[in-house]
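Working notes for the structure below.
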Amino acid sequence: MGYSPREMMIIAASREIRDGEVVFVGMRLPLAAFGVAARTHAPNAIGLFENGLARFAPAVEPFDTMSDPPNIHGAAWATGMVQIMGRLHAGQVDVGFIGGAEVDRHGNVNTSYVGDPARPRVKLPGSGGAADIAATCGRLLVIMDHEPKRLVERVDFVTSPGWLDGGESRSAAGLDRGGVAAIITNLAILRPMGPDHGMGLASIHPGVSRQQAIDATGWPLAVAPDAGETPPPTEAELAALRAIDPEGFWR
Amino acid sequence: MGYSPREMMIIAASREIRDGEVVFVGMRLPLAAFGVAARTHAPNAIGLFENGLARFAPAVEPFDTMSDPPNIHGAAWATGMVQIMGRLHAGQVDVGFIGGAEVDRHGNVNTSYVGDPARPRVKLPGSGGAADIAATCGRLLVIMDHEPKRLVERVDFVTSPGWLDGGESRSAAGLDRGGVAAIITNLAILRPMGPDHGMGLASIHPGVSRQQAIDATGWPLAVAPDAGETPPPTEAELAALRAIDPEGFWR
Amino acid sequence: MADKLASVADAVAALVRDGDSLVIGACLEAAIPFAAVHEIIRQGRRGLNAIAPISDAATDMLIGAGCVERVTGAWVGNVSGGLAHNYRRAAEQGLPHPIAIEDHSNFSLAMALMAGANGLPYVPVRSLLGSDILKTNRRLIRADDPFSPGKPVILVPACKPDVAILPVQRSDRDGNCHFWGSLVLVQEAALAAERVILLADEIVDTSVIVSDPNRILFPSFRVSAVCPARAGCHPSSLTGVWRRDTPFFVEYHTRSRDREGFLSWLREWVFDVEGHEAYLDKLGDRLERLRITGWAPPEPVNFAAV
Amino acid sequence: MADKLASVADAVAALVRDGDSLVIGACLEAAIPFAAVHEIIRQGRRGLNAIAPISDAATDMLIGAGCVERVTGAWVGNVSGGLAHNYRRAAEQGLPHPIAIEDHSNFSLAMALMAGANGLPYVPVRSLLGSDILKTNRRLIRADDPFSPGKPVILVPACKPDVAILPVQRSDRDGNCHFWGSLVLVQEAALAAERVILLADEIVDTSVIVSDPNRILFPSFRVSAVCPARAGCHPSSLTGVWRRDTPFFVEYHTRSRDREGFLSWLREWVFDVEGHEAYLDKLGDRLERLRITGWAPPEPVNFAAV
C-alpha cells in the first residue's frame, strides 16, 4: 500500500506513544498520530487537549478546532484549562506534542517572534500551551516539516524550552524533568545524542537519503551509529490512519 | 407575640444583613438569621456555604448538615470549596457569621485550643472556614451566648482575627479590610467603639438590664452613648423565623 | 431577584470603558462573543487591554479596528487561517498603531486568572523556566522557592480584568446561567472580572438553572448584565447549539490579508450593520444551517432532597 | 480499558500503607468513605497523616483506633455531636497515643490541595494573617509580596497526599466516574493524590459516564482502584442516593465519650464485622429507610456532535 511522506511522519509519531500513556495532543498532525496509536498499539492511551478535554480516541465526526462539538461529545473529561494544564504542571503527562515555526539543534522551539521581539520581522501567534508542554511533560515530541529555514542552528526566541544550550543547561534552568525526545519530520527522526543533547539523525524514512536530511537541516547533523531506516507503515497503521482521515487530507 | 432570647438573637442578627448582600452563612443560628433576612428585608441576599454551595434562601426540608441533600437541591450554585472560599478571599463577600467557644474584647475568636496548644486543656475542632471569614469578609458578625467564660478579656488562641490588639493592629497585620462589626448575643449587641475598636454595648435586648450584660461580659464593658433597646421582633420577623423553624427549635 | 436584561449595545455602552482590560470570551475557539466585539468596534472603544487565552479572530478584529493598546495573551491568531494579519501589522509595522504585547503561556495565563478569581496576589509556577517569555513579559518575577532552597520559581501576578464578556447557552434574567462543553477559563474569568456581561443564547426561567446547580460555573452576583443574543458567538461554536462557521473565518482571514481588505470586511460586517439582530438577518439561512440538530442529553442524575 | 475493580479490603491492603498521608473523603459532612475507614482500622494501619477538610467522625475513629500519628486539618469534630472525643483524648491526654496537629483553615487547606493538584510548590494567601494558626503550623511561611512591597503574605506549601479515598455515586470499572452535589475538595484531592481509591455506589457502563463529561471531576488515569461499595459512605449522605443517618452519628458520639465506650462501639461496628457486606447486613432495614426516593433530575443539556 502506498503512503505519503506526511503519512509516514504521522505514523512515526504515533509509535512514540506507549500504551496506557497520558498524551498531550493538539490538532492536526499530533491528533492524527494519537488516533493511529489509539487504534493500533496504544488502545489505553488517553489524549488531553488544552481547552479542557480528555479523550480515549479522536472523534469520528469531522471537526475543525478542538473546541468543536464533535470533540466534546463522548469526551473522557470536559473541564477547564486549569485542570488540564495542571496535569502537565503536576508531572502527570507522559508525552506531549508540539509544532512550531522553528526548532533548533537543541530542540528549542519558537512560536513567538522572528527577529527582534521589540519590532519583529514576523509576529507568530505565541506559546499557547507549547511552553508548558515543553517545560513539564515527560517526553517532548516536536513534529515539523523538514526544511533548513525551520530546523535552524538557534531559534530567534525560545518559546518552548528543549535542551536549551545543551548539556546540563536544562536542569540548571530549574526544569527537573522532560526534554525533547524526538523531532519527527517528513524526512527523518532526530533524537538527542550524547551528553550535549544535540539533536542528531536517528532514523531516516524510506526513500529519503541521508544527504537529503543533512541538507535540509540548518545545523551540522550528526548521525547516530545505529541510525537506520524508519520502518515503513504497516498495513494496520495505514488502515488506522485512513479510518480517521477518510478524505485523505494527509495523503 | 412572645419570643425567646434565642429568637431575639437570630432576628437581631438577621437585621445585620442588607438586601442584595453576599452572606457567608453556616449552620444553625447564622442560617436561621439568613433565612429571616431572606424572607423579610433582604430578599436579594445570597448565602454561601463553605462546602461549595450558594442559596437564595434556606431549604424548606429539614436537614442536619450543610451537605445534606435538601441544602443541595435547588441551590443557586453547587461547586467546590476553592470557588466558595475564593469569593471570600477575593473580597467578594459582604458579611460573614461565625460562632465560637470564646470571643474577646477586640472581637478575636477562639475555636482551636483552651490552654497551651502543646498540651491543651480542651482541644476544640479548629477553624473550619472561620479564620478565613474573619480575615477576608467585609463585615464580621460573631454570634454567641452571652456568658463570662465565653466573652473573655483575651482569648487563649486567636483562631479568627477580630481587631487583634485594637487600634491599628489589624491593618498592621496585613488585613486591609473587614473586622468585627458586631457581637450578637442572647442579651445584647456589642459593637467596636472608638479608635481602639474595643467591643462595647450598643444595644440591649428587651427585658435585659445593662447590669446583666455587664456582669455577663469578661471585660469592663463600655456603653455607647446612644445605646438603647434592641427593637423587639416584628410580627413579620417572627413569622419568618417560625416558618423556617416549624418545630420550634429556637423557641 | 434583579433583572439585568440589556441589549448588547446598551451593555457595552454602560460597562465597557476606554482603557479597560477585557476578556472577550474565555473558551479558546468556542463561545466567543462576536456580537459584543462588533459593538465595541462600532462604539469606538480605545486603549483596551485584550486578555486572550485565545479568542481567535475576535482579538485580531479589535486590533485592526484600533481598539486595542495592549494584548495579554498566550496565543493570538486566526485558528482556521493561520497568522492573524491585523495582529502582525500592529506588531510588525505599528498599523493602525503600535500595541504592547504581554506574552504568556496557557498555564501562566490560566494561573493569573485563577489568582485573580481567588484573591491570590500571585502564583508560583515552574513552567516558563527556560523560556524567553521571561524576557518579553517583565511582569513575571523569577524567585527562589522558599520551600525548596535553590529551586527557582516564576511568580505570575494575578490578572483581574475590568470586564469579561461571556456567551452562555442559557441564563435567567438575573444571570443565573448554565455553561457546558469545554470550560477553558470561563469560570476563572467570571470570578476574576470586575464586571461580567453575559450573552445568553436563550433566556430561561430560574427553575431551569437551579435544577442543576453543578452546571452553574459562577453565581449571578458576579453578573452585571444579561444580553439576550441568539448566536451572539457566530461564527464560533457553542456546545449543543451552534456549529462553527469555518468558511466565515476563512473569508475573514483571506479578506484581512491587507488593510484595505480588512476595512472593507469591517464595513460590510460591522459598521454597515446596525446591531446583532441586523447581523443575524444578514446571515439569513446560513445561520440555521449551523444549528446543531442532534440530541445527545446526558444520563440524568438525581438532586432530590429526600 | 483497564479493569480496576477490587474489594474495599483488597484495595486498602494494596494501596494504603503505614505512614501514608490520607484524604478520607474530601466532601466535609457528605461522601465519607466509612467502609474504607473500617477496613483501615481492621487491617491495623499505623502512623497515618489524616488530612481532613472535615471528615466528621471518620477522623475521630481512626485516631481512637490508634491509626493516626498526625492530623492535617481545618476542623475535626463530630458534626452532629460536637467535640470529637478521641481527638480530644489524643490531643489533651495522649490517648491512645499523642498526635501531631497541623492546623489549617478551610482556605489554606483548599489551597494546599489545589497546589498539590496542579504542581504549584506553594500558594500565597492573605487569609491567616493575624491568626495564631501561624504559631502552631510551622510549615506556613510569612513573606513579603514582591508585587506589593510592604504587604505580607502567608505561603501555604502544596499538599500531595499519598492516598485519597473518595466515594462517588457511579463509576465504570476503570474509574471513569460521576460525582455531583457539593464538590468541596473532591477534584483537588483526586488530582493531588499519588493513589486514588474510589468507593462506587454503583458500577455503570462507560457510556453512562461519557454521556456527561462535565460531570467527571477527574480522569480515570488518576484512579488506582474501583471498589463496588453500595452505601460505603454510611452513615454520611451521598447526593441523590443516601440521606444522612444522624442517629448513628449521635450514638457514636455518645458511646465514644469515654474510651471504654469507644472500644465497645469499635468492636461492635468494626472488629466484629467481617467486611462491608456484613456491615450492610447488620444495618438491615435501617439502610433502606435512608434511601432517597425522590427524583429530581436536571433540565437536560445537549452534547450532540452535529
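Atom set for the values below is all heavy atoms of this structure, side chains included, hydrogens, waters and symmetry mates excluded. Note that this is a predicted model, so its numbers are computed, not measured.
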**Report entry** Contacting region of A/Val155 [heavy-atom separation from chain C under 4.5 Å]
**Finding:** neither
Requested in this report: Decide yes or no for A/Pro69 and C/Ile292: does some side-chain heavy atom of the first lie under 4.5 Å from some side-chain heavy atom of the second?
Outcome: yes
Query raised in the report: Measuring heavy-atom distances to chain C, does A/Met66 have an atom under 4.5 Å in its side chain, in its backbone, in both, or in neither?
Result: both
Query raised in the report: Hey, is A/Asp176 close enough to C/Arg126 for a salt bridge, meaning N to O under 4.0 Å?
Result: no
Requested in this report: With side-chain contact (heavy atoms from CB on, under 4.5 Å) as the test, would you mind laying out the steps for A/Val82 and C/Met111 before giving the verdict?
Outcome: CA-CA 7 Å; A/Val82 170; C/Met111 287 297 106; 3.7 Å; yes
Query - Rounded distance (nearest 0.5 Å) linking atom CG of C/Asp103 with atom OG of A/Ser127 - result: 9.0 Å
Query raised in the report: Between atom NZ of A/Lys123 and atom CG of C/Leu83, what is the distance when rounded to the nearest 0.5 Å?
Result: 9.5 Å
**Report entry** Contacts with chain A made by residues 89-96 of chain C (heavy-atom distance under 4.5 Å), listed by residue number
**Finding:** C/Ala91, C/Glu92, C/Gln93, C/Gly94
**Report entry** Separation of A/Ile84 CD1 from C/Phe107 CZ (nearest 0.5 Å)
**Finding:** 12.0 Å
**Report entry** Contact origin within A/Leu164 toward chain C - heavy atom pairs under 4.5 Å
**Finding:** side chain
Query raised in the report: What is the minimum heavy-atom distance between A/Ile72 and C/Ser182, and which atoms define it?
Result: CD1-N, 3.8 Å
Report summary line: Turns out that what part of C/Trp242 lies under 4.5 Å from chain A's heavy atoms comes down to backbone
Requested in this report: Kindly compute the distance separating CG (C/Leu128) from OG (A/Ser160), expressed to the nearest 0.5 Å.
Outcome: 9.5 Å
Query - Rounded distance [0.5 Å steps], CZ in C/Arg88 versus CZ in A/Arg121 - result: 10.5 Å
Query raised in the report: So do A/Pro125 and C/Val76 actually touch side chain to side chain, heavy atoms under 4.5 Å?
Result: no
Query raised in the report: Would a 4.5 Å heavy-atom cut-off, applied to side chains only, mark C/Thr136 and A/Tyr113 as touching?
Result: yes
**Report entry** Distance, nearest 0.5 Å, that separates CG of C/Asp245 from CG of A/Asp64
**Finding:** 10.0 Å
